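Notes to accompany the following structure.
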Amino acid sequence: MNQNQKKRKITIYDTTLRDGAQGEGIHFSTQDKLSYIKRIEDMGNLYVEAGWPGANPRDDEFFQQCRNLQSPLTSIVAFGSTCKVMESPEKSEILLKLLASGAKTIAIFGKTWDLHVRDVLRTTLEENLRIIRESVSFLLQQGRDVFFDAEHFFDGFKENPDYALKCISAALDGGAKTIVLCDTNGGSLPGEISLGVRAVKKDFSPQELGIHVHNDRGLAVANSLIAVEAGVTQIQGTWNGFGERCGNANLSTLIPLLQLKGDYDVVSDAALLKITAFSRYVAELTNAPFDEKQPFVGRSAFAHKAGMHVDAILKNQRTFEHMNPAEVGNERRILISDQAGKANILERLRRFEPEMRKDDPRVEIAMNEIKELEHNGYQFEAAEGSLDLLLLRTLGKLSTPMFEVLDYHVWSDPLRGELDSVAVVKVKVGEETVQIASEGNGPVNALDTALRQALAKFFPILGKSELVNYKVRVLDGSHGTEAIVRVIIDTRLENEVWGTIGVSKNILRASAQALLDAINWTIWSGR
């Protein structure tokens with residue numbers, strides 16, 4: 001690109017709070033939505049489709065409360081449909097509730113596939129054009145900016161291109177500011193998307209042309225990119241690709257792709273640095289699992305495991321990284337496993353001793369111990385807390401333990417009710433010994449609670465951490481209940497999450513190993 005050439009601006013339309021909420025297992029309370037609106041300011045100037053006024057009490061409550069929000073960078077959009085068949089817009093409950101929401105920008109969808117007009121609306125093609133045109137015009141006359149979502153446009157364009165384009169014309173005749181072409185079924189191919197966009201660009205000149213793509217063929221991001229290349233100026237999608245069925249176009253991927261790879265102007269550099277953190281925030285808000293293999297923002301996006309790869313990337317990052325992870329607020333991770341070479345181990349050890357050299361004998365000592373432990377069932381890729389404790393011991397930095405567990409006992413009785421287990425632990429910190437008993441919902445919870453209570457007065461930081469995931473895997477099912485099990489526990493301290501591991505034939509012993517590592521690493525992290 002010529003340095004004097006201005007980058008083409010791409011507008012973001014975020015439909016996470018509406019389309020994303022249609023995804024299985026995704027839910028936003030009114031407070032969640034209000035918190036989201038405040039946090040989305042980090043991403044800069046964009047549209048946020050926040051819900052359908054009149055569809056449910058929660059959306060009505062949100063639009064009522066958001067009137068008091070100060071969001072200078074966020075345009076809150078109310079979403080709905082055209083008026084009904086044979087209905088006047090002035091008498092449409094749908095449109096009147098959209099106006100009552102107070103939203104300055106309103107997005108309405110209308111049918112552009114003649115199949116839907118005949119089989120869903122069960123009306124004439126001309127009547128459908130009327131309700132599109134008059135619904136847009138009515139909202140515009142009330143002083144609102146109107147976006148028209150051309151629902152099922154690409155399916156309609158394939159089967160009856162003349163009529164699909166007439167629907168676009170009707171919306172523009174009504175005064176729509178923005179036309180959004182929707183692949184609502186998510187079944188179109190990139191070539192079909194390009195053809196449809198170019199046809200609209202050829203025949204019409206909307207102020208802004210958008211693309212809204214679902215991911216039913218796994219092509220939502222690719223189809224959005226091809227639409228931008230064909231001339232659209234607005235991308236619609238959801239963070240982390242949340243949405244109905246297979247989801248929507250993933251903004252967490254699309255934004256950095258367009259800005260860093262396509263050389264478009266999408267968000268500020270400052271916003272791009274926060275994109276990883278924001279993607280994780282959205283997952284936390286919905287209590288949905290975060291896909292760590294997402295491009296750009298996942299923990300695995302810049303994770304390197306093979307020894308030869310690590311050796312190469314430490315010499316020149318371009319060898320196995322397509323970009324600097326810091327540009328999107330992510331970081332490189334060097335994974336440690338039985339496939340690791342000295343370069344992997346050395347890079348990890350340098351977190352504690354930056355000047356360490358590859359020929360330091362402790363590098364090989366650590367490597368051999370890790371490979372032996374992984375042979376016995378450990379897996380440090382998912383247990384970086386336990387890995388770092390092992391390396392600290394290798395370096396002699398944990399020669400004096402922060403505390404000792406002198407004894408512990410756990411009882412479990414299903415007849416006790418919800419708190420069906422009791423743990424008694426005896427710990428020693430310095431010269432002081434503490435013994436404490438605690439109830440819990442299951443033996444692991446009881447043991448975790450007892451350990452934290454016994455150590456809390458010595459290490460207050462434990463009160464800020466919490467166990468957020470507990471996973472058990474049987475390593476060899478052929479031995480039945482005598483099989484070796486691997487327990488991995490994930491712990492959160494503020495914004496950091498790490499795993500710790502335990503391996504044993506006794507599931508409680510394996511759990512205790514992982515719990516103790518979690519506590520030890522929490523204490524070390526807070527020093």
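Since we're looking at a predicted model, the values are computed, not measured.
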Worksheet item: Distance from C246 atom SG to L219 atom CG, nearest 0.5 Å?
Response: 11.0 Å

Worksheet item: Within the distance-only criterion (no hydrogens, no angle test), does the side chain of N445 pair as donor or acceptor with the backbone N or O of G440 below 3.5 angstrom?
Response: no

Discussion item. Contact between N520 and M402 at the side-chain level, heavy atoms closer than 4.5 Å - yes or no?
Written reply: yes

Worksheet item: Stepwise, does the side-chain hydrogen bond (donor to acceptor under 3.5 Å, both in side chains) test hold for S386 with D517?
Response: CA-CA 6 Å; S386 292; D517 272 6; 2.7 Å; yes

Worksheet item: Pairs in or reaching into residues 235-247: which pass salt bridge (Lys or Arg N to Asp or Glu O under 4.0 Å), with residues at least two apart or in two chains?
Response: D216-R245

Discussion item. Ignoring hydrogens, what is the shortest heavy-atom contact between E49 and L17? Give both atom names and the distance.
Written reply: O-CB, 3.7 Å

Practice prompt. Taking the side chain as every heavy atom from C-beta outward, state whether L395 and M356 have any atom pair closer than 4.5 Å.
Written response: yes

Item to complete: Walk me through it: do I37 and F62 pass the test side-chain contact (heavy atoms from CB on, under 4.5 Å)?
Response: CA-CA 11 Å; I37 294 298; F62 166 78; 3.9 Å; yes

Worksheet item: For V180, does its backbone N or O pair with a side-chain atom of Q234 as donor and acceptor, under 3.5 Å?
Response: no

Item to complete: Over all heavy atoms of both residues, which pair between G20 and T238 is shortest? Give the atoms and the distance, please.
Response: N-CG2, 3.8 Å

Worksheet entry | Check: R18 main-chain N/O paired with T15 side-chain donor or acceptor under 3.5 Å | no

Item to complete: Compare all side-chain heavy atoms of V425 with those of Q435 and state whether any distance is below 4.5 angstrom.
Response: no

Fill in: Expected output: side-chain D60 to main-chain G54 donor-acceptor under 3.5 Å
yes

Item to complete: Could you check T286 against F242 for side-chain contact (heavy atoms from CB on, under 4.5 Å), going step by step and ending with a plain yes or no?
Response: CA-CA 10 Å; T286 60; F242 293 154; 3.8 Å; yes

Item to complete: Please confirm whether the backbone N or O of E355 pairs with a side-chain atom of R350, one donor and one acceptor, at under 3.5 Å?
Response: no

Item to complete: Test side-chain hydrogen bond (donor to acceptor under 3.5 Å, both in side chains) on H27 and D32 and set out the steps.
Response: CA-CA 9 Å; H27 172 81; D32 288 338; 5.6 Å; no

Worksheet item: Looking at residues at least two apart in the chain, or sitting in another chain, which of them share a ring pair (Phe, Tyr, Trp, His ring centres under 6.0 Å) with F63?
Response: none

Worksheet item: Any sub-3.5 Å donor-acceptor pair from S101's side-chain atoms to A103's backbone N or O?
Response: yes

Discussion item. Determine whether D14 and W239 satisfy the following criterion, side-chain hydrogen bond (donor to acceptor under 3.5 Å, both in side chains), listing intermediate values before the conclusion.
Written reply: CA-CA 8 Å; D14 175 5; W239 294 95; 3.1 Å; yes

Practice prompt. Would you list the pairs meeting ring-ring contact (aromatic ring centres under 6.0 Å, His included) in which at least one residue belongs to residues 444-473, sequence neighbours left out?
Written response: none

Response to the item:
Of all heavy-atom pairs linking V487 and S511, the shortest is CG2-OG, 3.8 Å

Item to complete: Say whether, by atom type as modelled, one donor and one acceptor occur between the side chain of K471 and the main chain of I489 under 3.5 angstrom.
Response: no

Worksheet item: Are there more than 12 heavy atoms of other residues, nucleotides or ligands under 6.0 Å from atom NZ of K293?
Response: no

Worksheet item: Donor-acceptor pair, K426 side chain versus V405 backbone, under 3.5 Å?
Response: no

Worksheet item: When you look at L392 and W524, which way does the side-chain contact (heavy atoms from CB on, under 4.5 Å) test go after all the steps?
Response: CA-CA 10 Å; L392 287 169; W524 176 270; 3.5 Å; yes

Worksheet item: Measuring from E327:CD to L260:CG, what's the distance to the nearest 0.5 Å?
Response: 5.0 Å

Worksheet entry | Spacing of OG1 belonging to T30 relative to CG belonging to D59, to within rounding of 0.5 Å | 7.5 Å

Discussion item. Rounded to the nearest 0.5 Å, what separates atom CZ in R509 from atom OG in S504?
Written reply: 4.5 Å

Worksheet item: For I235 and V213, what are the C-alpha separation, side-chain angles and deciding distance, and is it a side-chain contact (heavy atoms from CB on, under 4.5 Å)?
Response: CA-CA 9 Å; I235 54 169; V213 184; over 6 Å; no

Fill in: Between D490 and W498, a side-chain donor and acceptor under 3.5 Å
no

Worksheet item: Side chains of L390 and T394: closer than 4.5 Å at any heavy-atom pair?
Response: yes

Item to complete: Using the six-membered ring wherever Trp is involved, compare the ring planes of Y378 and F380 and label them parallel, tilted or perpendicular (cut-offs 30° and 60°).
Response: parallel

Response to the item:
Heavy-atom nearest pair, I345 first then M367, reads CG1-CB, 3.8 Å

Worksheet item: Do F278 and Y36 have ring centroids that are under 6.0 Å from one another?
Response: yes

Response to the item:
With sequence neighbours left out, the residues meeting ring pair (Phe, Tyr, Trp, His ring centres under 6.0 Å) with Y264 are none

Practice prompt. Identify the heavy atoms of S438 and A446 that sit nearest to each other, and give their distance.
Written response: O-CB, 4.0 Å

Item to complete: May I ask you to check whether over 12 heavy atoms, not counting those of K464, lie within 6.0 Å of atom NZ?
Response: no

Practice prompt. Please examine the side chains of L387 and R348, heavy atoms only from C-beta on, and report whether any two atoms are closer than 4.5 Å.
Written response: yes

Worksheet entry | Step-by-step salt bridge (Lys or Arg N to Asp or Glu O under 4.0 Å) determination, E292 to R280 | CA-CA 10 Å; E292 296 292 1; R280 291 184 175 279; 2.7 Å; yes

Without placing hydrogens or testing angles, list every side-chain donor-acceptor pair under 3.5 Å for residues 249-258, not counting sequence neighbours.
from : atom 1 : to   : atom 2 : distance (Å)
N250 : OD1    : N240 : N      : 3.1
N250 : OD1    : G241 : N      : 3.4
N250 : OD1    : S252 : N      : 2.8
N250 : OD1    : S252 : OG     : 3.2
N250 : ND2    : Q294 : OE1    : 2.8
S252 : OG     : N240 : N      : 3.1
S252 : OG     : S279 : OG     : 2.8

Discussion item. Once rounded to the nearest 0.5 Å, what's the spacing between atom CD of E41 and atom CG of L46?
Written reply: 8.5 Å

Fill in: Pairwise side-chain contact, F28 with T16, heavy-atom cut-off 4.5 Å (strictly under)
yes

Item to complete: Report yes if some heavy atom in the side chain of V77 is under 4.5 Å from a heavy atom in the side chain of I106; otherwise report no.
Response: no

Practice prompt. Keeping to residues at least two apart or across chains, list the salt bridge (Lys or Arg N to Asp or Glu O under 4.0 Å) pairs with something in residues 440-450.
Written response: D448-R452

Item to complete: Report yes or no: does D263 contribute a side-chain atom to a donor-acceptor pair with the main-chain N or O of Q259 at less than 3.5 Å?
Response: no

Discussion item. Is the distance between the ring centroids of F147 and Y47 under 6.0 Å?
Written reply: yes

Worksheet item: Can you check whether Y13's main-chain N or O pairs, donor with acceptor, with Q236's side chain at less than 3.5 Å?
Response: no

Discussion item. Quick one, E432 with K457, criterion salt bridge (Lys or Arg N to Asp or Glu O under 4.0 Å). Give me CA distance, side-chain angles, the key distance, then yes/no.
Written reply: CA-CA 12 Å; E432 188 171 347; K457 74 171 185 176; 2.7 Å; yes

Fill in: Separation between OG1 of T449 and CG of N441, rounded to the nearest 0.5 Å
9.5 Å

Discussion item. Quick check: do T74 and I76 have side-chain heavy atoms less than 4.5 Å from each other?
Written reply: yes

Practice prompt. Check L493 against S525 and note the closest heavy-atom contact, atom names and distance.
Written response: CD2-CB, 4.3 Å

